[in-house]
Amino acid sequence: QLRFVESGGGLVHTGGSLNLSCAASGWTSDYLAIGWFRQAPGKEREGVSCISSSDGRTKYADSVKGRFTISRDNAKSTVYLQMTSLKPEDTAVYYCAGQNLFCPGSVHDAVGMAYWGKGTLVTVFS
């Protein structure tokens, strides 16, 4: 059974950086598009970024463009989210999720995401 485990969350000052990892185990994730989502306290879940499986195309939410970078290393079955210039509004639990092949039309669309991790908490303080 495919499982995702997120790591790399923590406490960081405004303007700081964190690198999140999403490690897959139990089955190959090479054919999956992997998305990062986040949910802040009292708010709905929102999409952050996505990377397709075959061509590595990426998508970003407008709120993180230019600050976050998604990448993948299929040899390690791991997807990364490099986060820079962090803001307090980036505080949330970050989840990775997977669906077949391609990212959805909207980075916020989670309907097709069949596999989810349990999340890692990112807290940005001012």
Side-chain angles (χ1 to χ4, degrees):
Q1 183 178 359
L2 181 63
R3 293 177 63 236
F4 287 140
V5 178
E6 302 93 338
S7 62
L11 279 169
V12 64
H13 198 275
T14 297
S17 300
L18 282 174
N19 293 318
L20 304 185
S21 298
C22 170
S25 64
W27 197 250
T28 180
S29 61
D30 294 0
Y31 64 94
L32 294 178
I34 305 296
W36 282 98
F37 296 82
R38 66 186 182 186
Q39 188 164 20
K43 294 187 177 181
E44 292 189 356
R45 183 181 60 200
E46 62 175 348
V48 175
S49 184
C50 187
I51 185 166
S52 292
S53 63
S54 57
D55 55 13
R57 290 188 181 185
T58 59
K59 292 187 176 183
Y60 296 93
D62 288 343
S63 59
V64 305
K65 278 182 182 176
R67 299 190 297 122
F68 291 11
T69 302
I70 191 170
S71 61
R72 67 190 297 159
D73 184 341
N74 285 344
K76 296 182 178 180
S77 297
T78 302
V79 171
Y80 305 97
L81 186 69
Q82 182 179 12
M83 307 188 297
T84 64
S85 302
L86 283 162
K87 306 174 181 179
E89 51 263 44
D90 294 318
T91 295
V93 177
Y94 283 71
Y95 302 88
C96 62
Q99 69 175 44
N100 284 343
L101 296 179
F102 301 110
C103 293
S106 167
V107 72
H108 303 293
D109 186 356
V111 172
M113 294 292 176
Y115 310 98
W116 289 83
K118 293 185 177 181
T120 185
L121 177 63
V122 172
T123 304
V124 184
F125 60 94
S126 56

Would a hydrophobic clustering, with Ile, Leu, Val, Met, Phe, Trp and Tyr connected at side-chain separations under 4.5 Å, put Val48 with Val79?
yes
Are Tyr95 and Val122 connected, step by step, through hydrophobic side chains (Ile, Leu, Val, Met, Phe, Trp, Tyr) whose heavy atoms are closer than 4.5 Å?
no
Does the distance from a Lys or Arg side-chain N to an Asp or Glu carboxylate O, for Lys65 and Asp62, drop under 4.0 Å?
yes
Which atoms form the tightest heavy-atom contact between Leu18 and Gly8, and what is the distance?
CD2-O, 3.8 Å
Out of curiosity, Asn100 CG to Tyr115 OH, how far, rounded to the nearest 0.5 Å?
6.5 Å
Tell me if a side-chain donor or acceptor on Thr91 pairs with a main-chain N or O of Glu89 at a distance below 3.5 Å.
no
Mind checking what makes side chain to side chain contact (heavy atoms under 4.5 Å, CB included) contact with Asn19, not counting sequence neighbours?
Gln82
Do Cys50 and Pro104 come within less than 4.5 Å of each other through their side chains, counting heavy atoms only?
yes
Judged by atom type as modelled, is there a donor-acceptor pair below 3.5 Å linking the side chain of Thr84 to the main-chain atoms of Ser17?
no
In terms of hydrophobic clusters joined by side-chain contacts under 4.5 Å, are Val64 and Leu86 together?
yes
Side chains of Val93 and Thr120 in contact at under 4.5 Å (non-hydrogen atoms):
no
Would you please classify the geometry between the Phe37 ring and the Trp116 ring as parallel, tilted or perpendicular, with 30° and 60° separating the classes?
tilted
Is there a path of hydrophobic side-chain contacts, each under 4.5 Å between heavy atoms of I, L, V, M, F, W or Y residues, that connects Tyr94 with Val107?
no
Decide yes or no on side chain to side chain contact (heavy atoms under 4.5 Å, CB included) for Arg67 and Lys87, but give the supporting numbers first.
CA-CA 10 Å; Arg67 299 190 297 122; Lys87 306 174 181 179; 3.8 Å; yes
Can you hop from Tyr80 to Met83 via hydrophobic side chains spaced under 4.5 Å?
no
Where is the tightest heavy-atom contact between Leu20 and Trp36, given as atom of each residue plus distance?
CB-CH2, 3.7 Å
Mind checking whether Leu121 and Leu11 have side chains closer than 4.5 Å, heavy atoms only?
no
Output for pair (Ser53 OG, Tyr31 OH), nearest 0.5 Å, gives 10.0 Å
For Arg57, side chain to side chain contact (heavy atoms under 4.5 Å, CB included) partners two or more places apart:
Ser52, Asp55
Begin from the C-alpha positions of Leu32 and Leu101 and carry the test side chain to side chain contact (heavy atoms under 4.5 Å, CB included) through to its verdict.
CA-CA 5 Å; Leu32 294 178; Leu101 296 179; over 6 Å; no
Can you tell whether the side chains of Glu46 and Arg38 come within less than 4.0 Å, N to carboxylate O?
yes
Please round to the nearest 0.5 Å and tell me the distance separating atom OG of Ser63 and atom CG of Asp90.
7.0 Å
Of Met113, Arg72, Gln99, the one forming a side chain to side chain contact (heavy atoms under 4.5 Å, CB included) with Ile34 is Arg72
For Lys76 versus Thr78, what's the shortest heavy-atom pair and its separation?
O-OG1, 2.8 Å
Please step through side chain to side chain contact (heavy atoms under 4.5 Å, CB included) for the pair Ser49 and Tyr60, ending with a clear verdict.
CA-CA 4 Å; Ser49 184; Tyr60 296 93; 3.3 Å; yes
Output yes when a side-chain donor or acceptor of Glu6 lies under 3.5 Å from a complementary backbone atom of Ser21, and no otherwise.
no
Look only at the side chain of Lys59 and the backbone of Gly105, and say whether a donor-acceptor pair between them is shorter than 3.5 Å.
yes
